[in-house]
Structures are given as structure tokens and as C-alpha cells.
There are 2 protein chains.
Amino acid sequence: MVVQAGRCFIQEGAPAHDFYVLTGGRAKLFSLMPDGRRQIVGFAEVGDFLGLASSESYAFTAEALGEVTLCRFPHSAIDRLVERFPRLHGRLQQEASSELVKMQARLMLLGRKTARERLASFLVEQASPCCAHALKDEHGPLTLPLPMSRTDIADYLGLTIETVSRTFSLFRKEGLISIRGASSVTLLSPGLLSDMAGGIKRS
Amino acid sequence: MVVQAGRCFIQEGAPAHDFYVLTGGRAKLFSLMPDGRRQIVGFAEVGDFLGLASSESYAFTAEALGEVTLCRFPHSAIDRLVERFPRLHGRLQQEASSELVKMQARLMLLGRKTARERLASFLVEQASPCCAHALKDEHGPLTLPLPMSRTDIADYLGLTIETVSRTFSLFRKEGLISIRGASSVTLLSPGLLSDMAGGIKRS
DNA sequence: CGCTCGTTTGATTACGGTCAATCCGCGTGG
DNA sequence: CCACGCGGATTGACCGTAATCAAACGAGCG
């Protein structure tokens with residue numbers, strides 16, 4: 001399947017017949033409340049499995065960020081697939097595991113962290129796929145793209161766009177980051193940001 | 001294994017050698033930040049699997065609420081166990097699935113809901129194991145025990161004890177609940193509470 | 001050039017947090 | 001049996017962070 005930018009290919013609450021493997025592009029996953037409040041529960045990348053949670057209906061809506069390509073399988077086909085590709089079994093297990101661990105970190109973020117800590121956590125998380133270890137070491141500036149809008153960041157962190165924007169500006173004034181056009185950030189002190197993300201305030 | 005009340009049998013950050021099946025009692029699962037902020041990521045009941053997320057180290061601490069009995073298995077034994085008990089496979093899958101769905105609801109709760117909505121959600125969640133369907137129907141009062149302390153409720157909902165207590169009092173004044181000694185609540189209008197939990201405000 | 005939409009900035013509000021003072025249930029010991 | 005004390009829960013006064021409302025800014029595009 002190919003899905004155009006901005007289109008939803010999974011609808012929250014719809015009967016969950018199929019699951020998907022994302023083979024190209026990125027997607028945002030979110031739930032809505034009746035009055036429009038939105039919480040982004042995650043971003044999906046190439047290789048991710050979606051809609052595995054085989055309850056009656058999907059727990060979130062999935063919307064393409066840019067163009068997205070997918071493989072769709074009916075839930076009933078899982079067993080056959082696993083039979084044909086035995087390594088898939090471990091893969092599924094592992095996927096679910098790591099997703100759960102991420103979720104637990106997200107609960108701490110949303111339940112207990114301040115706006116500054118949330119944004120710092122977000123930046124570190126965005127950076128980690130690039131350079132996993134370079135963060136603790138006090139090593140140098142590290143530029144990363146922010147493919148998502150401020151609104152998406154806000155809905156991911158449980159904040160408002162205004163607070164996200166303000167906090168970015170604060171970080172800039174404090175010399176922690178530098179901003180190039182709202183969709184590209186350079187971390188000037190990854191170590192400090194990483195500490196802040198963990199709730200440690202260095203003098 | 002038997003664990004006494006208040007003892008921790010899984011330590012956040014410790015190397016994750018084993019996983020556990022809870023065979024008696026209840027436990028609370030939480031993470032801590034360096035300054036002591038706490039987030040309860042869940043309560044475990046009889047039959048639940050703990051420490052399955054097989055990353056390097058445990059993502060949370062598990063503390064017994066009352067006396068707890070467990071079976072412990074080394075992670076390396078999973079494959080052998082699944083081989084001997086084929087039905088376990090589906091069970092594990094299902095467990096991970098439903099846990100993920102619950103987590104996504106928790107993200108919405110912590111990221112977007114107000115204090116009133118959080119407490120209403122909590123009460124409905126506590127009630128649902130008892131009477132799953134009786135909630136939507138406007139049916140009558142429904143008494144339930146609250147085995148955990150106010151502090152635990154607060155850390156579960158991302159609030160403070162004061163806010164939890166105040167909100168309980170508000171609900172009482174509004175005739176939504178009635179309280180018997182801090183560890184037993186009666187839902188007088190389950191329907192209204194359920195709506196509030198979902199973010200619907202009836203006139 | 002001017003419009004639109006997303007972002008930034010500013011002013012004010014409000015919800016929930018903090019600090020502090022009771023209150024209450026319960027177990028203990030006189 | 002009751003006085004006492006302890007810890008958890010409730011209530012109150014006040015504060016602070018992030019939300020809300022509103023305006024200005026700026027990049028991209030017709």
C-alpha cells in the first residue's frame with residue numbers, strides 16, 4: 001500500500017482486522033478525546049509493526065507524515081507468517097518488549113517531568129538514533145532534523161505549542177541549543193540536556 | 001518465592017536475569033527519578049507476568065502490596081517453557097498486547113486529562129474488573145475497595161496526594177461518590193463518572 | 001507584492017503544586 | 001477503658017508553572 005502525506009490509514013476505534021509493517025516513510029500515532037484533545041502515543045519508523053495489539057479495535061489513529069508505504073496482513077495470517085519465517089517470532093517478541101520499555105519511560109515523562117525536562121528528553125530521544133553514546137561524553141555540537149511540527153511535538157509531550165516554542169527559545173538563550181528555521185536544531189551541550197532530561201540539575 | 005509486604009523483589013536498573021509470574025497478592029510497579037519523584041507504571045495482579053521486557057535491565061521496581069507469592073524463571077528458560085507448554089505462547093503475546101493498549105490509554109490520561117478526569121478514570125478502572133458493563137447503564141451504586149494508599153493513587157495518576165484528596169472531597173460534595181474510611185468508595189453515579197473519565201461533560 | 005499558515009512572543013489566568021495546619025483512625029500502653 | 005501518639009488523610013492559604021487568549025512575526029507561494 002502507498003499512503004499520501006496527511007492521510008490516516010488506521011482509524012482509532014475501527015475494528016482491528018489487519019496489522020501493518022511500515023516499509024517506507026514515517027507516521028504519527030495518536031488518540032483523540034471527544035473535545036479534540038490529542039495525545040501522540042508514538043512515531044512509527046521503517047520496520048515498525050502497527051496494530052499488533054490485537055484487541056477488538058485499534059487503540060490509535062495512524063497518520064502518514066510525508067508519503068508512507070506499508071505491507072498489510074490480516075491478523076489471521078500471523079500464525080502462517082510466523083510458521084514460514086521462524087525468525088519473525090523473536091522479532092515480534094522483541095518489538096513488543098522494547099515498545100513497553102519506551103512506554104514506561106513515557107509515563108514518567110508525562111506524569112512527573114517539567115516542561116524543560118520533557119523537551120530535553122525529546123531532543124535526546126531524537127538524537128539517540130544518530131549517536132547513541134556521544135551524549136554522555138561531553139562531546140561537541142550535534143545537529144538533528146525535526147521532521148514534525150511544533151503541534152506534533154506538543155501533543156507528543158503533553159504540552160501546548162506555546163510552551164514548546166517558549167522552552168525552545170529558553171534553551172537557545174541559555175546556549176543549550178541553536179535553531180535553524182524551526183525544523184533543524186543543533187544541540188550545543190548534549191551532556192547538559194541529557195542530565196536535564198533525567199531530572200539532574202547541574203549547578 | 002514469598003515476598004513480605006513492602007519488600008521490593010525487582011529493582012529498577014538491576015540486570016534483568018529473570019522474569020516472574022505473580023501467583024498471589026498484588027504489587028506496585030514504579031520508576032524513580034534521582035530527586036525522588038515517583039511514577040507508578042502499573043499494579044500487578046495474580047497471573048501477571050513481570051520483567052518480560054527483556055532489555056538489559058529492569059525498567060521499574062516492583063514492591064509487594066501485602067504478602068506476595070511468585071514463580072521466578074531465568075530468561076533463558078522462556079524458550080524451553082514455551083516448548084513444553086505451547087499455549088503459553090499465545091498467552092505471552094496476548095499479555096504484551098493488552099498491556100500496550102492499557103499503556104496508550106495511560107499516556108492520554110497523563111498527557112491530556114485534568115485531575116477530575118484522571119480520578120474518574122481511576123475509579124472506573126478499579127470498578128471495571130468487578131462489573132464491566134454496569135457502568136454505561138445508569139445502574140445503581142457500586143462499592144469498591146481501594147487497596148492502595150492516597151500516595152500510591154497520586155503517583156499512579158501523576159498528581160499529588162493533596163490534589164487526589166481534594167478531588168475525592170469534591171466528588172463527594174457533588175454527590176458522585178460516598179467515602180467510607182479512605183479505603184472504600186461507593187460510586188453513586190457510575191455513568192456520570194464514566195463520562196467524565198472520557199472527557200464528556202454532561203450539563 | 002501580499003496572503004496564508006505555522007511559529008514566536010507577550011499578557012493574563014487558572015489549575016494543580018507547595019507549604020503548613022489540623023483531623024482522624026488506629027494501635028499501644030497506662 | 002480511655003489517654004496518648006503516630007501516620008495517613010483532609011483542609012486551608014498561597015504560589016508557580018504551564019494554559020489560554022491575543023497579537024506580531026516570518027517563511028513560502030501564488
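Residue numbers begin at 1 in each chain, while the letters A, B, ... track the order of the sequences.
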Visitor: Along DNA chain C, 5' to 3', what are the outermost nucleotides having an atom less than 4.0 Å from a heavy atom of chain B?
Guide: dG16(C) to dC19(C)
Visitor: Does R112(A) have any salt bridge (Lys or Arg N to Asp or Glu O under 4.0 Å) partners at least two apart in sequence or in another chain, and if so, which?
Guide: D155(B)
Visitor: Can you name the residues that form a salt bridge (Lys or Arg N to Asp or Glu O under 4.0 Å) with R80(A), not counting sequence neighbours?
Guide: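 Checked R80(A) against salt bridge (Lys or Arg N to Asp or Glu O under 4.0 Å); zero matches.
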Visitor: Check DNA chain D against residues 167-186 of chain A and give the residues with a non-hydrogen atom under 4.0 Å, in numerical order.
Guide: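 Those residues: none at all.
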Visitor: Who pairs with Q104(A) by side chain to side chain contact (heavy atoms under 4.5 Å, CB included), at least two apart in sequence or on another chain?
Guide: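 Partners of Q104(A) under the side chain to side chain contact (heavy atoms under 4.5 Å, CB included) test: V41(B), A59(B), F60(B), M103(B).
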Visitor: Among all residues two or more places apart in sequence or in another chain, which pass the side chain to side chain contact (heavy atoms under 4.5 Å, CB included) test with D35(A)?
Guide: M33(A), R37(A)
Visitor: Write down the distance between CG (D152(B)) and C1' (dG7(D)), rounded to a whole number of angstrom.
Guide: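 After rounding, the gap between these two atoms is 14 Å.
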Visitor: Might you list the N or O atoms of the protein lying below 3.5 Å from N or O atoms in nucleotides 18-23 of chain D, with each pair's distance?
Guide:
from	atom 1	to	atom 2	distance (Å)
dA18(D)	OP1	A115(A)	N	2.6
dA19(D)	OP2	T160(A)	N	3.4
dA19(D)	OP2	T160(A)	OG1	3.1
dA19(D)	OP2	T163(A)	OG1	2.4
dT20(D)	O4	R166(A)	NH2	2.8
dC21(D)	N4	E162(A)	OE2	3.1

Visitor: Which residues pass the side chain to side chain contact (heavy atoms under 4.5 Å, CB included) test with S165(B), sequence neighbours left out?
Guide: none
Visitor: Please list all pairs meeting salt bridge (Lys or Arg N to Asp or Glu O under 4.0 Å) that have one or both residues in residues 169-189 of chain B, counting only residues at least two apart or in different chains.
Guide: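 For residues 169-189 of chain B: R116(B)-E174(B).
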Visitor: Tell me, please, which residues at least two apart from H17(A) pass ring-ring contact (aromatic ring centres under 6.0 Å, His included).
Guide: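 For H17(A) there are no ring-ring contact (aromatic ring centres under 6.0 Å, His included) partners, ignoring immediate neighbours.
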Visitor: Name the nucleic acid region contacted by S149(B), choosing base, sugar-phosphate or nothing; use a 4.0 angstrom heavy-atom cut-off, strictly under.
Guide: sugar-phosphate
Visitor: Which pairs with one or both residues in residues 64-74 of chain A pass salt bridge (Lys or Arg N to Asp or Glu O under 4.0 Å), sequence neighbours excluded?
Guide: D18(A)-R72(A)
Visitor: Listed by chain and number, what are the salt bridge (Lys or Arg N to Asp or Glu O under 4.0 Å) partners of E45(B), not counting sequence neighbours?
Guide: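 Applying salt bridge (Lys or Arg N to Asp or Glu O under 4.0 Å) to E45(B) gives R26(B).
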Visitor: Under 6.0 Å between the ring centres of Y156(B) and F30(B)?
Guide: no
